[in-house]
Number of protein chains: 2
Amino acid sequence: MNDKGAALYEVLRQVRPLVLNSARAVEASLRPERLTVGMRAVLEVLAEHGPAPVPAVAERLDLARQGVQRHVNDLIDLGHVVAKENPAHRRSVLITLTPAGAELFDRIREDELKTLAGLAADCTPAEIAAALKVLTALNRDVRRRTA
Amino acid sequence: MNDKGAALYEVLRQVRPLVLNSARAVEASLRPERLTVGMRAVLEVLAEHGPAPVPAVAERLDLARQGVQRHVNDLIDLGHVVAKENPAHRRSVLITLTPAGAELFDRIREDELKTLAGLAADCTPAEIAAALKVLTALNRDVRRRTA
C-alpha cells in the first residue's frame with residue numbers, strides 16, 4: 001500500500017521540473033517567431049478546437065482571462081489571429097486563426113514532434129503508453145480531490 | 001518516428017495540469033498547518049538533505065533566492081526551522097529543521113503517501129514504474145537541451 005504511495009510520489013516529483021524545463025526549451029525555440037509559451041498555447045487551442053471567445057480559451061488553459069487577452073492582443077499584432085463577430089452572442093467576439101497563424105502553428109507543431117521523437121531514446125512505446133495512462137489517471141483523481 | 005513524438009507530446013500535455021492540480025490539492029491539505037506549498041518544499045529539502053544555506057535550497061528547488069528566504073522566514077516564525085551559524089562560512093547561516101519541524105514534515109509526508117496510495121487505482125506497479133522511467137528520461141533530455 002505504502003509502496004504504491006511512494007512510487008506515485010516519485011512520479012509526481014518528476015513533473016514540476018519537467019514543466020519548468022520544457023517551458024524553457026519551448027520558449028527558446030519560439031523566440032525566432034517572436035512568440036511566447038502563452039501565445040503558443042492560445043494558438044494550439046484555436047488550432048485544435050476552432051474559433052473561441054477569450055474566456056473559453058482561458059478555461060481550457062487553466063489561465064486567467066486577462067493573461068489570455070494579452071496573448072490574443074499580441075497575436076493580433078503579429079497577424080496570427082483576428083477577432084470576429086460571434087454570431088451566437090452579439091456582445092462577444094470569436095478569436096480565429098488567420099491562414100498565416102494556422103500555417104505557423106502547423107510548422108511549430110511539426111518541429112516539436114521531430115524534437116520530441118529524439119528524446120527518451122531508452123524508453124519503449126509500451127513504456128511511453130504506460131506513462132500516459134498513469135499521468136491521465138493521476139490527473140483525473142487529483143482533479144476529483146480538488147473539485 | 002513521428003508516432004513516438006506524438007506519444008511523448010501527449011505525455012507532456014498531461015504534466016502541466018497535473019502540476020497545477022496537485023499543487024492545489026497539497027495547498028488545501030497544508031492549510032490547517034498554516035503552511036504553503038513553498039514552505040513545504042523547503043521543509044522537504046531540509047528533511048532529505050540536512051541543514052543548508054538559503055541559496056543551496058533555492059537551487060535545489062529551481063526557485064528564486066528571495067522567495068526561499070521568505071518561506072524560511074515564515075518557517076522560523078512558526079518554529080519549524082532555525083538559522084544556525086555555518087561552521088564552513090562565517091558570513092552565511094545554515095537553515096536547520098527544529099525537532100518540531102522534523103516531526104511535522106514526517107507527519108505531512110505520511111499523510112501524503114496514504115493519499116497517494118489511493119490514487120490511480122487502475123494502474124499496475126509496472127505501469128507506474130514505466131511512468132517514472134519515461135519522466136526521468138524526459139527530464140534528463142529536456143534539461144540537456146536547455147543547458
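Residue numbers begin at 1 in each chain, while the letters A, B, ... track the order of the sequences.
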Is there a path from [X] to [Y] through hydrophobic residues (I, L, V, M, F, W, Y) whose side chains come within less than 4.5 Å of each other?
X: A:Val15; Y: B:Val45; answer: no
X: A:Val54; Y: A:Val81; answer: yes
X: B:Ile95; Y: B:Ile108; answer: yes
X: B:Leu78; Y: B:Val37; answer: yes
X: A:Val26; Y: B:Tyr9; answer: no

Max heavy-atom pair count under 4.5 Å with chain B, selected residue of A:Thr124, A:Val19, A:Leu20 |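 Between A:Thr124, A:Val19, A:Leu20, the count favours A:Val19.
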Work out which heavy atom in [X] is nearest to a heavy atom in [Y]; give both atom names and the distance.
X: A:Pro17; Y: B:Asn139; answer: C-OD1, 3.5 Å
X: B:Asp141; Y: A:Ala121; answer: OD2-N, 4.3 Å
X: B:Ala131; Y: A:Val11; answer: CB-CG2, 4.4 Å
X: A:Leu119; Y: B:Leu8; answer: O-CD1, 3.8 Å
X: B:Ala25; Y: A:Val142; answer: CB-CG1, 4.3 Å

Would you say [X] has more than 12 foreign heavy atoms packed within less than 6.0 Å of its [atom1]?
X: B:Glu85; atom1: CD; value: no
X: B:Arg140; atom1: CZ; value: yes
X: A:Arg24; atom1: CZ; value: yes
X: B:Arg70; atom1: CZ; value: no
X: A:Glu59; atom1: CD; value: no
X: A:Glu103; atom1: CD; value: no

Ignoring hydrogens and angles, tell me if any N or O in the side chain of B:Arg16 forms a donor-acceptor pair with the backbone of A:Leu61 under 3.5 Å.
->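 At least one qualifying donor-acceptor pair exists.
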For B:Lys133 and A:Asp122, indicate whether the former's side chain and the latter's backbone hold a donor-acceptor pair under 3.5 Å.
->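 Such a contact is found between B:Lys133 side chain and A:Asp122 backbone.
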Decide, yes or no, whether a salt bridge links A:Glu27 with B:Arg145 under the criterion of side-chain N to carboxylate O below 4.0 Å.
->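 Looking at A:Glu27 and B:Arg145, the cut-off is not met.
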May I ask you to say whether A:Arg13 pairs ionically with B:Glu44, meaning some side-chain N is under 4.0 Å from a carboxylate O?
->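 Yes.
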Heavy-atom distance under 4.5 Å to chain A: side chain of B:Ala120, backbone, both or neither?
->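 For B:Ala120, heavy atoms of backbone and side chain both lie under 4.5 Å from chain A.
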Proximal component of B:Thr115, with respect to chain A [non-hydrogen, under 4.5 Å] =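 B:Thr115 touches chain A through side-chain heavy atoms alone.
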Reported CG-to-SG distance for the pair A:Leu138 and B:Cys123, which is rounded to 0.5 angstrom |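 Between A:Leu138 CG and B:Cys123 SG, I get 7.0 Å after rounding to 0.5 Å.
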Approximate separation, where rounding is to 0.5 Å, of B:Glu112 CD and A:Leu12 CG |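 So the CD of B:Glu112 and the CG of A:Leu12 are separated by 9.5 Å.
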How far apart are the C-alpha atoms of A:Lys4 and B:Ile128, what are their side-chain angles, what is the distance that settles it, and do they pass the side chain to side chain contact (heavy atoms under 4.5 Å, CB included) test?
-> CA-CA 8 Å; A:Lys4 191 185 173 192; B:Ile128 295 170; 3.8 Å; yes
What's the verdict on side chain to side chain contact (heavy atoms under 4.5 Å, CB included) for A:Leu132 and B:Val134, showing C-alpha distance, side-chain angles and the deciding distance?
-> CA-CA 10 Å; A:Leu132 180 59; B:Val134 170; over 6 Å; no
What part of A:Leu18 is in contact with chain B, defined as an atom under 4.5 angstrom from a non-hydrogen atom: side chain, backbone, both or neither?
->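 Both the backbone and the side chain of A:Leu18 come within 4.5 Å of chain B.
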